[in-house]
Amino acid sequence: MGRLHTRGYRGIKEFFPELDVEIDLVMVADPVASSAQYAVDRLGYRSATSDYNDILNNPEIDVVSICSPNFLHREIAVAAAKAGKPFWIEKPMGRSLAESTEIAQAAADAGVATSVGFNYRHVPSIQHARELVKSGALGRINSVRAAFLADYASDPDTALSWRFIREHSGPGVLADLISHAVDLAQYIVGPVTEVTALTETFIKERPLPSQDGAQAFAKGGSGPRGTVETDDYAALLTRFRDGAVGTIEASRAHVGPHAEYTLEIYGTEGSVRWNFHDMNELQIATRNELGYRTARAAPGHGEFARFQPGVGLSMGFDDLKTIEAYQFVRSVVEGVQYAPSAEEGRQAIAVVKAAEDSMESGSWVKIAGVDTQ
Ligand SMILES: NC(=O)c1ccc[n+]([C@@H]2O[C@H](COP(=O)([O-])OP(=O)(O)OC[C@H]3O[C@@H](n4cnc5c(N)ncnc54)[C@H](O)[C@@H]3O)[C@@H](O)[C@H]2O)c1
């Protein structure tokens, strides 16, 4: 993610020239010396350190990105806010609702702009879907179906990295992919008010990481195995404030779908279907037509025209991070919060927390602080 944030920053000048900012990659922090050196040699940072405090104490630095494993998000984000540095933080914002609330509060207290890595919001076809919903073209929204199915943890020999240890990661796919899916659904359809959930861990033991196994998806050795403490699968039944009902499901250990992140929204007059595997397409149906038609991303849909000259050409994942970098830096420059904010990061985790509570109680749980009127 650190590499993607870097490419995002570098792209601002080319794709959003009107912002008129010079991006200077001043310093990178990584305790793994080879990764820090890579950032200097290959990504173009001027200097490297093993201690992120060197970045926060550097008056030359205007904004920071937080792309560390989840267990460091709260610590670094609160320190960044106290140092007066606006921050762009990866999701899940915290390991728990308490941590996420602390991060959002620290940013609010310090008055710093924030952004959270909810990259799928920036997909032009998602922007188009949102406009169709907001304009009423789909009628009243009855139901939402999100399924974020991935295979990144489907290999039982993937090492027991930070992603599989509860203290390091938070609850697992609930935080990792459900937070993305919840944010996307809330962004388009409005707040979730109530959930009931189940989770499961399919692969219960994994090989301990070898010494250089710091990276999240490294293979483990043939030595001893340790217990996986986080969930591989989660499914939520949801109610939305504006009357829709839905299912939000995620897996990181399915064989087949690589990053098959789908969102379907069904209204009284029509529906839309989107799949990240075919990110530049939106399936649209209306009550008076038979079947779906495919709307390819085109100028007029979100920021598509910045990246490609015409319909039929494709944007990619990295471009979403460039849009996110732009919205973050624009928030800082203009003093207006544009990007998905830390408060929105907190709201996604509030749904995750309700899902965890539902697992414990076996019943429906209301999302704290959502106005149901
Ligand atoms: N937005 C998305 O779609 C998306 C996708 C993947 C990951 N993520 C998020 O990005 C974050 C990082 O995930 P990843 O897959 O890049 O993990 P990773 O394990 O591949 O990389 C984490 C990096 O942080 C470094 N690190 C560890 N301790 C540090 C410290 N004290 N200071 C500075 N750096 C430190 C590690 O050495 C490593 O280089 C996670 O929160 C993850 O959920 C978001």
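- Ring pair Phe317/Phe276 is perpendicular by interplanar angle, where above 60° counts as perpendicular and below 30° as parallel.
- Between Trp274 and Leu184, the closest side-chain pair of non-hydrogen atoms falls below 4.5 Å.
- Within 6.0 Å of CZ in Arg10 there are more than 12 heavy atoms belonging to other residues, nucleotides or ligands.
- A distance-only check finds a donor-acceptor pair linking the side chain of Thr238 to the backbone of Gly246 [under 3.5 Å].
- Lys13 contributes atom NZ, which lies 9.5 Å from atom CD1 of Ile23 (distance to the nearest 0.5 angstrom).
- Note on Phe328: it clusters hydrophobically with Leu25, by side-chain heavy-atom contacts below 4.5 Å among ILVMFWY residues.
- A cation-pi contact, defined as under 6.0 Å to the ring centre and within 45° of the axis, is absent between Arg252 and Phe148.
- Neither side chain, Asp231 nor Thr199, offers a donor N or O lying under 3.5 Å from an acceptor on the other.
- Taking 4.0 Å as the cut-off between side-chain N and carboxylate O, Asp242 and Arg140 do not count as a salt-bridged pair.
- At a threshold of 4.5 Å between side-chain heavy atoms, the hydrophobic network of Ile, Leu, Val, Met, Phe, Trp and Tyr places Phe71 and Met93 in one connected group.
- Screening Asn70, Asn119, Asp176, Asp183 for a side chain to side chain donor-acceptor pair (under 3.5 Å) involving Lys91 leaves a single residue, Asp176.
- Between the CZ atom of Arg306 and the OH atom of Tyr326 there is a distance of 5.5 Å, given to the nearest 0.5 Å.
- Shown here for Ser251 and Val173, the closest heavy-atom pair between the two residues is C-CG2, 4.0 Å.
- Side chains of Glu344 and Ser341: a donor on one and an acceptor on the other come within 3.5 Å.
- Residues Asp155 and Lys219 have side chains in contact (heavy-atom distance under 4.5 Å, counting atoms from C-beta outward).
- Within 6.0 Å of the NZ atom in Lys204, the count of heavy atoms belonging to other residues, nucleotides or ligands exceeds 12.
- Listed for the Thr49 side chain is a donor-acceptor partner under 3.5 Å among the backbone atoms of Asp51.
- The line from CE of Met315 to OG of Ser125 is 9.0 Å long, rounded to the nearest 0.5 Å.
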Intermediate values then yes/no, ring-ring contact (aromatic ring centres under 6.0 Å, His included), Tyr120 and His180 = CA-CA 8 Å; Tyr120 303 111; His180 262 310; 4.6 Å; yes

For side chain to side chain contact (heavy atoms under 4.5 Å, CB included), just list the numbers for Tyr266 and Arg273, CA-CA rounded to whole Å, side-chain angles, deciding distance to a tenth of an Å, and then say yes or no.
-> CA-CA 9 Å; Tyr266 298 93; Arg273 293 175 167 189; 3.2 Å; yes

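- From Gln308, atom CD reaches atom CG of Leu313 across 5.0 Å, with rounding to the nearest 0.5 Å.
- The shortest distance between side-chain heavy atoms of Met27 and Asp54 falls below 4.5 Å.
- A pairwise comparison of heavy atoms in Ser68 and Leu72 identifies OG-CB, 3.4 Å as the closest pair.
- Atom CG in Asn280 sits 6.0 Å away from atom CZ in Phe304 (nearest 0.5 Å).
- No hydrogens or angles considered: nothing links the side chains of Glu324 and His5 as a donor-acceptor pair under 3.5 Å.
- With 3.5 Å as the limit, one finds no donor-acceptor pair spanning the side chains of Tyr9 and Thr322.
- A donor-acceptor contact closer than 3.5 angstrom links the side chains of Tyr292 and Ser271.
- To the nearest 0.5 Å, atom NE2 of residue His258 and atom CG of residue Leu149 are 12.0 Å apart.
- Under a hydrophobic-cluster definition in which Ile, Leu, Val, Met, Phe, Trp and Tyr are linked whenever side-chain heavy atoms come within less than 4.5 Å, directly or via other members, Phe87 and Ile61 are assigned to the same cluster.
- Between Leu56 and Val64, some side-chain heavy-atom pair lies under the 4.5 Å cut-off.
- Taking each heavy atom of Pro92 and Ile349 in turn, the nearest pair found is CB-CD1, 3.8 Å.
- Tracing side-chain contacts under 4.5 Å through hydrophobic residues (I, L, V, M, F, W, Y), one never reaches Val245 starting from Ile265; they form parts of separate clusters.
- A salt bridge links Arg46 with Asp24: at least one charged nitrogen is closer than 4.0 Å to a carboxylate oxygen.
- The existence of a salt bridge linking Arg166 and Glu356 is confirmed by a sub-4.0 Å separation between a basic side-chain nitrogen and an acidic carboxylate oxygen.
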Take Thr114 and Ile89 through the side chain to side chain contact (heavy atoms under 4.5 Å, CB included) test and state the conclusion after the steps.
-> CA-CA 8 Å; Thr114 53; Ile89 188 168; over 6 Å; no

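- The two residues Phe164 and Thr230 come nearest to each other via the heavy atoms CA-OG1, 3.3 Å.
- The main-chain N or O of Arg239 is found under 3.5 Å from a side-chain atom of Thr193 such that the two form a donor-acceptor pair.
- With hydrogens and angles disregarded, no donor-acceptor distance shorter than 3.5 Å links the side chain of Thr201 to the backbone of Ile203.
- Within 6.0 Å of CD in Glu18 there are more than 12 heavy atoms belonging to other residues, nucleotides or ligands.
- Evaluated for a side-chain contact (heavy atoms from CB on, under 4.5 Å) with Tyr38, the options Leu43, Asp30, Val28 yield exactly one hit, Leu43.
- Among residues two or more places apart in sequence or in another chain, the ring pair (Phe, Tyr, Trp, His ring centres under 6.0 Å) test is passed with Tyr233 by Phe202.
- Residues Tyr187 and Gln127 bring a donor and an acceptor atom of their side chains to less than 3.5 Å of each other.
- Between the side chains of Tyr52 and Glu75, at least one donor N or O lies within less than 3.5 Å of an accepting N or O.
- Remark: the Thr294 side chain and the Gln283 side chain contain an N/O donor-acceptor pair separated by less than 3.5 Å.
- Side-chain atoms of Ser154 do not come within 3.5 Å of backbone N or O of Ala253 as any donor-acceptor pair.
- Two residues are said to be in side-chain contact when any heavy atoms from C-beta on lie closer than 4.5 Å; Glu131 and His301 fail this criterion.
- Between the side chains of Ser115 and Arg330, no donor N or O sits under 3.5 Å from an acceptor N or O.
- No path of Ile, Leu, Val, Met, Phe, Trp and Tyr side chains, each step under 4.5 Å between heavy atoms, connects Tyr338 with Leu320, placing them in separate hydrophobic clusters.
- The number of heavy-atom neighbours closer than 6.0 Å to CZ of Arg3, taken from other residues, nucleotides and ligands shown, is 12 or below.
- Other residues, nucleotides and ligands place no more than 12 heavy atoms under 6.0 Å from the CD atom of Glu360.
- The pair Arg225-Glu205 does not meet the salt-bridge criterion, since no charged nitrogen lies less than 4.0 angstrom from a carboxylate oxygen.
- Using modelled atom types, one finds no donor on one side chain facing an acceptor on the other under 3.5 Å when comparing Ser96 with Glu99.
- Between the side chains of Gln347 and Glu343, at least one donor N or O sits under 3.5 Å from an acceptor N or O.
- Applying the 6.0 Å contact sphere to CD of Glu167 captures no more than 12 heavy atoms from other residues, nucleotides or ligands.
- A distance-only check finds no donor-acceptor pair linking the side chain of Glu102 to the backbone of Ala104 [under 3.5 Å].
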